[in-house]
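Below: the structure, in structure tokens.
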Amino acid sequence: AKAAGKNRVQEYTSALAADRDRRTRLITDLRRALAAEELTVHYQPVVELTTGRITAVEALVRWVPPGQPPISPVEFIPVAEESGLIGPLGAWVLRRALRDARMWHQRYGMSVGVNVSARQLREPGIAQLILDELAAQRLPGAALVVEITESVLVVNDGPEAAAVLAVLDRLREHGVRIAVDDFGTGYSSLAYLRTLPVDVLKIDRAFVQGSARGGDPAAFLRAIVQLGRSLGLRTVAEAVETPAQASRLLQMHCTLAQGYFFSRPIAADELGTLLAKTGG
Ligand code: C2E
Ligand code: CA
Ligand code: CA
Ligand code: CA
């Protein structure tokens with residue numbers, strides 16, 4: 001038993017070391033990839049359930065190192081946050097997304113959602129940077145939805161939280177909308193809703209797909225949709241994969257949805273073709 005215990009420890013420490021090595025390599029590779037413009041942005045349509053019209057898209061960063069399989073943002077975004085690379089990476093995604101979305105906004109009145117991580121939101125000058133990028137594309141604030149998670153206010157009440165709130169307020173004054181991502185998964189979603197200046201709730205996939213544990217999943221979904229309605233917020237269902245999920249949402253008066261059922265995230269030119277066909 002003693003020998004086995006020792007082996008376990010050795011296995012554990014070498015797994016830790018391997019993990020650390022992989023992260024270090026990931027940071028180096030990501031920095032290079034960013035400089036080499038090896039990253040791309042894909043767009044997933046947000047669909048109006050009553051009409052099938054595409055009203056918005058969400059920008060999602062993609063990284064395919066040459067000759068290698070793609071690396072998921074679930075893996076490299078946290079690493080970018082820890083290493084500070086999220087600043088330049090996020091700015092790059094924002095610029096690319098606004099450039100791509102310019103024509104879609106002008107032709108079809110569509111907005112683009114950009115994910116902004118907690119750390120990025122705390123960087124000094126972030127509000128100005130976002131407003132400058134909008135101005136550079138001659139786009140109104142209404143063309144942009146900033147997607148944040150409840151974790152942006154984890155340090156509640158502190159000066160950091162106050163700074164984040166000031167950033168969000170300033171963006172909203174310019175017509176930029178704020179969406180809370182993965183809504184319902186945080187520890188105190190309701191408390192945050194009272195504090196955060198918010199326009200849109202993006203309902204987490206766990207509720208949409210009914211995979212949330214405990215209770216009646218449909219009841220949670222219905223409650224979140226009603227909460228959004230009574231607060232005058234738009235609700236967008238994430239990760240809709242089946243027609244049954246889509247019609248259930250429609251019955252609950254959740255009118256906006258995105259997910260593989262409608263479209264996977266696609267390249268800008270593909271989306272352009274899709275919009276030309278469907279008329280937006
Ligand atoms: P998220 O913001 O919640 O984005 C939605 C994720 O769900 C995307 O994964 C999308 O491809 C996936 N998805 C869409 N429809 C379906 C569906 O029907 N079924 C399932 N199972 N999944 C669906 P992706 O692109 O891998 O991104 C993962 C996460 O990485 C995002 O979650 C977001 O938190 C982060 N991320 C992606 N791009 C960026 C970025 O540019 N900046 C920042 N800060 N974070 C990003
Ligand atoms: Ca998002
Ligand atoms: Ca989400
Ligand atoms: Ca997420």
Side-chain angles (χ1 to χ4, degrees), residues 30 33-34 38-47 49 54 56-64 69-101 111-123 126 129-130 133 144-152 177-186 189 198-212 224 234-246 248-249 256-268 270-271:
L30 186 56
L34 188 59
E38 224 172 69
L39 303 176
T40 54
V41 179
H42 279 190
Y43 299 92
Q44 186 175 39
V46 177
V47 173
L49 286 168
I54 300 170
V57 288
E58 176 177 4
L60 294 157
V61 68
R62 293 291 178 260
W63 180 18
V64 188
I71 301 175
S72 166
V74 174
E75 185 169 8
F76 70 81
I77 289 290
V79 172
E81 285 204 43
E82 284 163 33
S83 64
L85 259 186
I86 194 69
L89 191 157
W92 183 86
V93 171
L94 176 73
R95 173 171 298 177
R96 170 51 51 87
L98 290 179
R99 237 196 269 164
D100 286 340
S111 59
V112 62
V114 174
N115 293 285
V116 176
S117 79
R119 170 146 180 192
Q120 206 186 338
L121 210 56
R122 292 204 184 94
E123 291 193 346
I126 181 68
L129 181 129
I130 292 172
E133 292 294 347
L144 178 66
V145 178
V146 166
E147 299 196 3
I148 59 172
T149 57
E150 295 155 39
S151 63
V152 302
R177 277 163 292 160
I178 311 296
V180 184
D181 215 342
D182 309 337
F183 185 77
T185 59
S189 301
V198 170
D199 307 280
V200 183
L201 300 183
K202 297 196 75 170
I203 307 172
D204 191 73
R205 68 182 63 183
F207 302 105
V208 175
Q209 301 182 344
S211 59
I224 294 174
R234 292 194 205 187
T235 49
V236 180
E238 292 195 285
V240 175
E241 291 182 351
T242 68
Q245 288 163 0
R248 187 157 56 134
L249 287 161
L256 297 169
Q258 66 187 100
Y260 296 164
F261 175 59
F262 305 104
S263 170
R264 292 189 170 253
I266 51 180
E270 263 184 277
L271 182 75

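Whatever order the structure lists ligands and atoms in, that order sets their numbers, starting from 1.
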Can you confirm whether Arg119 is buried at CZ, in the sense that more than 12 heavy atoms of other residues, nucleotides or ligands lie under 6.0 Å from that atom?
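Yes, the 6.0 Å shell around CZ holds more than 12 heavy atoms from other groups.
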Which atom name does Asp182 have for its N/O/S atom nearest to the Ca ion (ligand 3)?
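Considering only N, O and S atoms, Asp182 comes nearest to the Ca ion (ligand 3) through OD1.
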Please identify which atoms of ligand 1 are closer than 4.0 Å to at least one heavy atom of [X].
X: Val74; answer: 28 (C)
X: Ser117; answer: 44 (N)
X: Glu58; answer: 2 (O), 4 (O)
X: Pro265; answer: 11 (O)
X: Asp182; answer: 3 (O)

To the nearest 0.5 Å, tell me how far Leu121 CG sits from Glu123 CD.
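Leu121 atom CG to Glu123 atom CD measures 9.5 Å (nearest 0.5 Å).
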For [atom], which of [options] has the closest heavy atom?
atom: atom 1 (P) of ligand 1; options: Thr242, Asp181, Val93; value: Asp181
atom: atom 19 (N) of ligand 1; options: Glu241, Arg62, Gln120, Glu81; value: Glu241
atom: atom 13 (N) of ligand 1; options: Phe261, Tyr260, Phe76; value: Tyr260
atom: atom 6 (C) of ligand 1; options: Arg205, Glu238, Gln44; value: Arg205
atom: atom 24 (P) of ligand 1; options: Pro73, Ser263, Gly90, Ala237; value: Pro73

Minimum side-chain heavy-atom gap Arg177-Ser111 below 4.5 Å:
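Side chain of Arg177 against side chain of Ser111, heavy atoms only: contact under 4.5 Å found.
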Is any side-chain heavy atom of Ile77 less than 4.5 Å from a side-chain heavy atom of Leu89?
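Of all side-chain heavy-atom pairs linking Leu89 with Ile77, at least one is under 4.5 Å.
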Indicate the atoms forming the closest heavy-atom contact of [X] with [Y], along with that distance.
X: Ala97; Y: Tyr43; answer: CA-OH, 3.2 Å
X: Arg122; Y: Val152; answer: NH2-O, 3.0 Å
X: Leu49; Y: Leu256; answer: CD1-N, 4.5 Å
X: Ala59; Y: Asn115; answer: O-ND2, 3.4 Å
X: Val240; Y: Ala246; answer: CG1-N, 3.9 Å

Counting only heavy atoms, which portion of Asn115 has something under 4.0 Å from ligand 1: side chain, backbone, both, or neither?
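Both backbone and side chain.
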Can you tell me if an N/O/S atom from Asp181 lies under 3.0 Å from the Ca ion (ligand 2)?
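Of the N, O and S atoms in Asp181, at least one lies under 3.0 Å from the Ca ion (ligand 2), which means yes.
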Mind checking whether the Ca ion (ligand 2) has an N, O or S of Glu147 under 3.0 Å?
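Checking the Ca ion (ligand 2) against Glu147, an N, O or S atom does fall under 3.0 Å.
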How open is the angle at the Ca ion (ligand 2) from atom OD1 of Asn115 over to atom OE2 of Glu58, rounded to 10 degrees?
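The two atoms subtend 90° at the Ca ion (ligand 2).
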For Gln44 and Glu58, test the side chains for any donor-to-acceptor distance below 3.5 angstrom and give the result as yes or no.
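No, no side-chain donor-acceptor contact under 3.5 Å.
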Decide whether an N or O pair under 3.5 Å exists between Gln258 and ligand 1.
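In this structure, Gln258 places no N or O atom under 3.5 Å from an N or O of ligand 1.
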Just checking: Glu238, one of its N/O/S atoms, less than 3.0 Å away from the Ca ion (ligand 3), yes or no?
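Yes.
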With sequence neighbours excluded, give me every side chain to side chain donor-acceptor pair (under 3.5 Å) pair touching residues 234-245.
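Every side chain to side chain donor-acceptor pair (under 3.5 Å) pair that includes a residue of residues 234-245, provided the two are not neighbours, is Gln209-Glu241.
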